[in-house]
Amino acid sequence: MIQAKDIYKRYGKAEVLNGVNLYVDSGEIYGLVGKNGAGKTTLLNIMSGIIEATAGACILDGHPINKGAFEKGQIGYLPDLP
């Protein structure tokens, strides 16, 4: 299970994510769809521990996801431009 609770992300004055909530249960497949600049990549970067949210929390199987919280190999993520 992975969960995003009230995720906010700001870069300076630019608010990229504004209170995103998401719950994906184990075994489910979920797709993020939206136009360029909608915050899809930012959300995935936060949920994979690459960057930190300005506010909110992400939880993976009951453990909080923070930047650097997991060792290599525990979370897999292949971005469009690695």
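Nothing here was measured: the structure is a model prediction, and the numbers come from that model. Starting from 1, each residue takes its place in the sequence as its number.
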Inset, instruction - Decide yes or no on side chain to side chain contact (heavy atoms under 4.5 Å, CB included) for Met1 and Val24, but give the supporting numbers first. - result: CA-CA 6 Å; Met1 170 281 294; Val24 181; over 6 Å; no

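- In this structure, Leu17 is a member of the same hydrophobic cluster as Leu60, with clusters built from ILVMFWY side-chain heavy atoms closer than 4.5 Å.
- Residues Lys40 and Asn36 approach most closely at NZ-N, 4.3 Å, considering heavy atoms.
- Using modelled atom types, one side-chain atom of Lys9 and one backbone atom of Glu52 make a donor-acceptor pair closer than 3.5 Å.
- Cluster membership for Ile7 and Ile51, using ILVMFWY side-chain heavy atoms within less than 4.5 angstrom, is shared.
- Crowding of Lys5 atom NZ: a count of heavy atoms from other residues, nucleotides or ligands under 6.0 Å not exceeding 12.
- Checking each of Thr42, Thr41, Leu43 against Asn45 for a side chain to side chain contact (heavy atoms under 4.5 Å, CB included) leaves exactly one that passes, namely Thr41.
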Legend entry - Evaluation steps, side chain to side chain contact (heavy atoms under 4.5 Å, CB included), between Tyr30 and Glu28: CA-CA 6 Å; Tyr30 194 90; Glu28 290 184 332; 5.9 Å; no

Legend entry - Working for side chain to side chain contact (heavy atoms under 4.5 Å, CB included), residues Ile65 and Ile2: CA-CA 10 Å; Ile65 299 173; Ile2 190 162; 4.0 Å; yes

Legend entry - Worked verdict on Ser26 versus Asp61 for side chain to side chain contact (heavy atoms under 4.5 Å, CB included): CA-CA 9 Å; Ser26 295; Asp61 292 332; 4.2 Å; yes

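- Taken together through direct or relayed side-chain contacts under 4.5 Å among Ile, Leu, Val, Met, Phe, Trp and Tyr, Val16 and Met47 form part of one hydrophobic cluster.
- Cluster membership for Val20 and Ile50, using ILVMFWY side-chain heavy atoms within less than 4.5 angstrom, is shared.
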